[in-house]
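Each chain gets a letter, A, B and so on, in the order the sequences are listed, and its residues count up from 1.
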There are 2 protein chains.
Amino acid sequence: MVKPIYDRFRDSIRSEIPVALATLIEGPRIGSKLLVDESGFSLGSLGGTNLDRVVKRDALAMLDAGTSEVRHYGSDGEARQHDLSVFIECHARRPHLVIFGAVDFTRALASQGKLLGFRVTVCDAREVFATRRRFPMADEVVVDWPDRLLDRIGAELGPRDAVCVLTHDAKFDVPAIVGALPTRVGYLGAMGSRQTHEKRVQRLLEEGVTLKQLERVRSPIGLDIGGRTPEETAVSIFAEIIAMRTGHDAPSLSDGEGSIH
Amino acid sequence: MVKPIYDRFRDSIRSEIPVALATLIEGPRIGSKLLVDESGFSLGSLGGTNLDRVVKRDALAMLDAGTSEVRHYGSDGEARQHDLSVFIECHARRPHLVIFGAVDFTRALASQGKLLGFRVTVCDAREVFATRRRFPMADEVVVDWPDRLLDRIGAELGPRDAVCVLTHDAKFDVPAIVGALPTRVGYLGAMGSRQTHEKRVQRLLEEGVTLKQLERVRSPIGLDIGGRTPEETAVSIFAEIIAMRTGHDAPSLSDGEGSIH
């Protein structure tokens, strides 16, 4: 059984199909393997139908998040138990979070992104603010204009990725949103009060953005949980990113009417 | 003006009244101060009505979270700008997160708690699981039964604190919930499928817990955002903790009917 699993594993990696290989590393059947790819196809077994089902579910979620780790289960796949250890090795690009604006909220959002397994890029045209010293948790800190960065990386963005515009300043916000709209990015959110948002919408319409396109922009950004500190706001933004990615309906600040933040 | 501010600051700290002192550390009026206490009382000024209002709002949120930091503003309090730097020094006990159960989800929840400024305690009676090596991010890892830990620390828990029960095992869950209910803890959540929850409710009723008391237990735990990995689930739990603390209504998993996690 191991040969076909490794063949398929190799082929998936060569073809850049996101794939996870789960290996039992603690328990009675050490070394048994289950391969799971993004489409839900699986091959092999860890020794039980329920166990395989639970590990497959977890592997699919981890493929989405792009993380690898050791998970523990009961002998029949129970989540609370610790009879078995399974190393789930995911081969998938990490999701990418691009934050425009090197402001106070950026630090918390970048740290939160790292916790969730994102590759994090912080971009601001103002070189005194966009420094590695202020954002040591980011994977890259880019001093450039949003439209120029998006010209370079926009084609790589896909449904698992996110663009967050935190500048509150039309000079940066507008080119960031205009640049992100033609990409396939799964989440596009812009921070600001409703007043800032209305002014920004005006500017975007003047730039030729359509109302249909504007529906993709989550603004005010984040779920309506009353977050006030940068860290709380980062939770509300990622709660919205996760809810969108999993297709869960949750009341977003962008659907409400009252004052925010 | 500085003398009465320092007097009040000293008196608040001595009386254990949570208090924040904001000091302008970059900008035209360096050294100017604004003192804000938990009740919303303020004294002093940083030089402008709008600036004082915005800093006061931020200081109150930071008192809630128990964090101190440097924040940046425009000269009239604008959030996006960086003309002024203000060090907001909060004297308030950090909120306390007590996690029962040293399971795979605990690591992510503990890391998330640290990001949000919580003091984090992990407690499990099974000493092979409750180790510092598995939870280096926690402030304390306690090997004990939930009821015994809550006997010791329950009286200190208040509205800003949270108890999360992640064990999925009635042997630990029931004493943790029974022990937390008489405390003033603001958030009490218990993980598990709806089926686990129903069995647990049965056991809790047998222990003499009333239906009214059970309303305090958020289970299934977390907001309904479709989180699957431990990190995503941690975001959904903290989104619920923040929403409860700020009085925001959001659809919780505990209000829904469908399958979860």
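- Heavy atoms from other residues, nucleotides or ligands lying under 6.0 Å from CD of A/Glu38 number 12 at most.
- Counting heavy-atom pairs closer than 4.5 Å to chain A, the top residue among B/Arg126, B/Glu231, B/His82 is B/His82.
- Looking at A/Thr246, its side chain never comes within 3.5 Å of a backbone N or O of B/Gly227 through a donor-acceptor pair.
- Shown here for A/Leu115 and B/Leu115, the closest heavy-atom pair between the two residues is CD2-CD2, 3.8 Å.
- For B/Ser111, the parts lying under 4.5 angstrom from a heavy atom of chain A are both the backbone and the side chain.
- Put simply, of B/Thr229, B/Leu60, B/Ile241, the one with the most heavy-atom pairs under 4.5 Å next to chain A is B/Thr229.
- Applying the side chain to side chain contact (heavy atoms under 4.5 Å, CB included) rule to B/Ser75 yields the partners B/Asp83; only residues at least two apart in sequence or on another chain are considered.
- Here the OG1-CD distance, from B/Thr67 to A/Glu232, works out to 8.5 Å after rounding to the nearest 0.5 Å.
- In this structure, chain A has heavy atoms under 4.5 Å from both the backbone and the side chain of B/Gln112.
- Using a 4.5 Å cut-off between heavy atoms, A/Val128 does not touch chain B at all.
- A/Arg228 is not listed as a side-chain neighbour of B/Met62, based on a closest heavy-atom distance of 4.5 Å or more.
- Of all residues in residues 100-107 of chain A, those placing a non-hydrogen atom less than 4.5 angstrom from a non-hydrogen atom of chain B are A/Val103, A/Asp104, A/Phe105, A/Arg107.
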